[in-house]
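Just so you know, these numbers come straight off a predicted model, no measurement behind them. As the structure lists them, so they are numbered: ligands from 1, and atoms in each ligand from 1. Numbers here are sequence positions counted from 1.
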Amino acid sequence: MLITLLYRLKSLALECLFPIFCCQCEKEGALLCMDCRKKIVFRPPVCFVCGAIVPARAESGIPAGRTCIICRARTPIYAFFSPFSYRDPKIRTLIHDLKYKRMRVIAPLFAAVLQDYFSYYAVSLPDDAFLIPIPLHTKRRRLRGFNQAELIAKPLAEGLRCAFLPAMLVKTKKTKPQVGLLAEERRENMHGSFLTANAGKIAGKTVVLVDDVKTTGTTLEEAAYMLKRAGAARVWAVTVAH
Ligand SMILES: [Zn+2]
Ligand SMILES: [Zn+2]
């Protein structure tokens, strides 16, 4: 009781010292005010590989964002959802603030917006789907103090009423940044960098991988290969930006 009160006082004090402003209109009060949240313009779901817009085919139950027929043989990702461009400076700043300024409050905001995105495009996950964040290597996680993908995936799983499995994937290899590497080098760099734990849980299930950004897609694909090898039926990928 006392501890709760102290926490409340602490956050109140912090709010007075560091007031929060809307990331869009700069009005004081919330990181994203309700007016701006309603006005967000989403990018439509696109194919994970070629980036072509993929609308839903409701009559056959196929969700928007389903990897297009031509690209299916080239990726283990079944469908992809990512509402923003990483080139959008406001989004890029928010992602940087979360990761490097350690502004954890941004993570549940991303989760809320991702949930808006799912309902806007009428995407519903299978009831028994699992949400799994892309892990960080233990050393990097220790350095940062948290894994941003996990901070986004947890409230998203709650919002979507899905199971959250943060320990399913383990990053076993420290990998170089993917940017600037050729496709072959990227695959080589990521190869064998994840391990699956307790794999029986996901056998025959749909798994939703969550990360902050998709750049080349190799990280998500490597994780997806491991999960499929462990028995997952389908792997979806969700990122804030791409
Ligand atoms: Zn606003
Ligand atoms: Zn495609």
Side-chain angles (χ1 to χ4, degrees), residues 14-16 18-58 60-98 101 103-117 119-121 123 152 155 178 182-184 186-187 190 206-209 211 213-225 228 234-242:
L14 282 173
E15 270 168 38
C16 295
F18 306 102
I20 294 172
F21 298 96
C22 172
C23 62
Q24 299 292 311
C25 70
E26 290 171 17
K27 193 165 74 188
E28 196 180 329
L31 205 51
L32 180 67
C33 74
M34 232 25 223
D35 290 339
C36 291
R37 188 167 162 188
K38 279 186 219 141
K39 275 188 279 183
I40 287 180
V41 182
F42 293 129
R43 304 190 100 199
V46 293
C47 168
F48 184 82
V49 179
C50 70
I53 293 173
V54 194
R57 284 179 27 222
S60 42
I62 294 171
R66 168 81 168 106
T67 303
C68 71
I69 295 172
I70 310 157
C71 298
R72 268 173 221 176
R74 293 172 52 197
T75 185
I77 304 290
Y78 175 82
F80 174 53
F81 301 93
S82 183
F84 304 109
S85 165
Y86 196 44
R87 283 183 290 273
D88 178 338
K90 282 181 177 167
I91 292 297
R92 192 183 267 263
T93 306
L94 280 174
I95 291 172
H96 276 238
D97 286 352
L98 167 63
K101 292 190 187 167
M103 291 173 64
R104 294 168 192 234
V105 289
I106 295 170
L109 171 74
F110 282 155
V113 173
L114 284 167
Q115 216 188 316
D116 289 352
Y117 189 65
S119 50
Y120 186 83
Y121 285 99
V123 177
I152 299 167
Q178 296 282 81
L182 299 171
E184 194 48 45
R186 288 200 301 264
R187 273 193 291 274
M190 288 311 297
T206 294
V207 164
V208 183
L209 282 170
D211 208 355
V213 182
K214 173 205 176 216
T215 42
T216 62
T218 322
T219 307
L220 287 158
E221 285 183 332
E222 181 65 22
Y225 277 123
K228 290 201 99 170
R234 280 173 179 168
V235 181
W236 297 25
V238 177
T239 66
V240 175
H242 64 286

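- Between F80 and F48, the ring planes lie perpendicular to each other; the angle is over 60°, past the 30° to 60° tilted range.
- Around the Zn ion (ligand 1), the angle linking C25 (SG) with C22 (SG) is 110°, rounded to 10 degrees.
- Without hydrogens or angle criteria, R57 side chain to P63 main chain gives no donor-acceptor distance under 3.5 Å.
- Ring planes of F81 and Y117: perpendicular class, angle over 60° (limits at 30 and 60°).
- At least one donor-acceptor pair under 3.5 Å links the side chain of R92 to the backbone N or O of Y86.
- Geometry note: the Zn ion (ligand 1) is the vertex, C36 SG and C33 SG are the arms, and the angle is 100° (rounded to 10 degrees).
- Centred on the Zn ion (ligand 2), the SG atom of C47 and the SG atom of C68 lie at an angle of 110°, reported to 10°.
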